[in-house]
Amino acid sequence: MLLLAIESSCDETAAAVLEMSDDSRLVRSSVVASQIETHALYGGVVPEIASRAHAEAITSVVDRAVRDAGISLDDIEAVAVTFAPGLIGSLLVGVTFAKSLAYTLGVPLIPVNHIKAHAAAAYTDNPDLTAPYLALIVSGGHTSLYDVRDYTDFVEIGASRDDAAGEAFDKIGRVLGLPYPGGAAMDRLATKGMESPVSIKFPSPAIPGDNLDFSFSGLKTAALNYIHTECQRMGLPDKGILPEEKRAEIAAAFTTTVVEGICQKLRLALETTNAKRLVMAGGVAANSHLRRAVEKVVKDFDCQLYMPPISLCGDNAVMVGAQGYYEYRSGVRAGIDLNAYASDEAAEEAEIRFRRAADV
Ligand code: KG4
Ligand code: ZN
């Protein structure tokens, strides 16, 4: 079936056309309009600016996705849209556009959870990837482990109790003078720092014990304190930028601590679930150090690793279409009263309602 998918949960306006069936997962087009340059001026996403930018971009982004796919609007058989979690004003732009389109075309409207969609980003490049599997979602808003029992049935078995890994990368990147969002630049700076010995030690984000939870706030504070102390020691002004070598060493130490913490809980999750397949996805799954480390971890287990290509780690609409297909197949539909929800909890409650309605 031909699905049009829309994503607008944060600072990317995206649309894609997918041709999905039980034995093929084809991307016909994918368009992503990023607002990064606008938000970089403020050092982070400004929600109201994000909503307005979505409103401006969405029609041309969808138009372009339809044209690139070589189809017309009448060929579309369903519209899938991210309805949660994310920035409420941003989500509402995509949801409202999607419901208007589905209503006008007279096709089903499929609500998609952004976190599940991140995992589904691995489907199109990996035709052999099937549920069940273990999912590690590392993004700007989440650092979570899920026991994915079926394509639409995600059970959270571990999560960050405070900040997400991506948030921590962005914060430390900003204080080190890197442009927003700091993740990709931190990745490169860490590579440089690892060329020399690294003596800085930061506290692990892995919460002690046999749980599968993380905490990034202690690590973030320790890194910020270290940077401020070094600035003072070197006689730099407040918000001063440390010399390149020091910044690289900090990025290396920080990245190593994040990667080791995530891998520690990943090992435990693989031991306890005995999963045969692991999907790592989300913006931070693009991190080269994390990718290499996770590749090593799975070698010690009888487990196959699947990751989306780098281009599908960050927010995009291909992942929404891929998840949308499985939601559609399980009977999930949204009415034209579909709402958007900011939190994971509200998303979960809404999904219970969708599923209950699908069973009737
Ligand atoms: O999944 P995503 O696009 O948005 C959310 O759903 O949150 O993730 C964005 C996050 C940002 O924090 C960004 O800095 C981070 O992913 N990121 C990276 C890398 N590329 C993007 N973090 C570490 N290393 C990277 N190479
Ligand atoms: Zn995301």
(message) Quick test of your reading of the model: are R355 and E351 salt-bridged, counting only N-O distances below 4.0 Å?
(response) yes
(message) Testing the 3.5 Å rule here: is there a donor-acceptor pair between the side chains of Y226 and K246?
(response)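 The answer is yes; a qualifying pair exists.
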(request) May I ask you to check whether Y326 and D150 show a side-chain donor-acceptor distance below 3.5 Å? (result)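 Result is no, nothing qualifies.
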Under 3.5 Å, sequence neighbours excluded: what are the donor-acceptor pairs made by side chains of residues 329-341?
residue, atom, partner, partner atom, Å
R329, NH1, D22, OD1, 2.9
R329, NH1, D22, OD2, 3.4
S330, OG, E327, O, 2.9
R333, NH1, Y328, O, 2.9
Y341, OH, R353, NH2, 3.0

(request) Test L87 against D11 for side-chain contact (heavy atoms from CB on, under 4.5 Å), laying out the working first. (result) CA-CA 9 Å; L87 299 172; D11 58 350; over 6 Å; no
(message) Checking the side chain of S24 only, and the main-chain atoms of L26 only, is there a donor and an acceptor separated by less than 3.5 Å?
(response)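 Not a single qualifying donor-acceptor pair exists.
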(request) Decide if the gap between the ring center of Y123 and the ring center of Y151 is smaller than 6.0 angstrom. (result) yes
Less than 3.5 Å apart, which donor and acceptor atoms pair up between the side chains of residues 104-111 and the rest of the protein, not counting sequence neighbours?
residue, atom, partner, partner atom, Å
T104, OG1, S100, O, 2.5

For a 4.5 angstrom cut-off between non-hydrogen side-chain atoms, does [X] reach [Y]?
X	Y	answer
Q323	H118	no
K116	V112	no
M194	H289	yes

Side-chain atoms of residues 73-85: list all donor-acceptor pairs with protein atoms under 3.5 Å, sequence neighbours left out, distances to 0.1 Å.
residue, atom, partner, partner atom, Å
D75, OD2, S72, N, 2.9
E77, OE2, L2, N, 2.9
T82, OG1, E7, OE1, 2.6

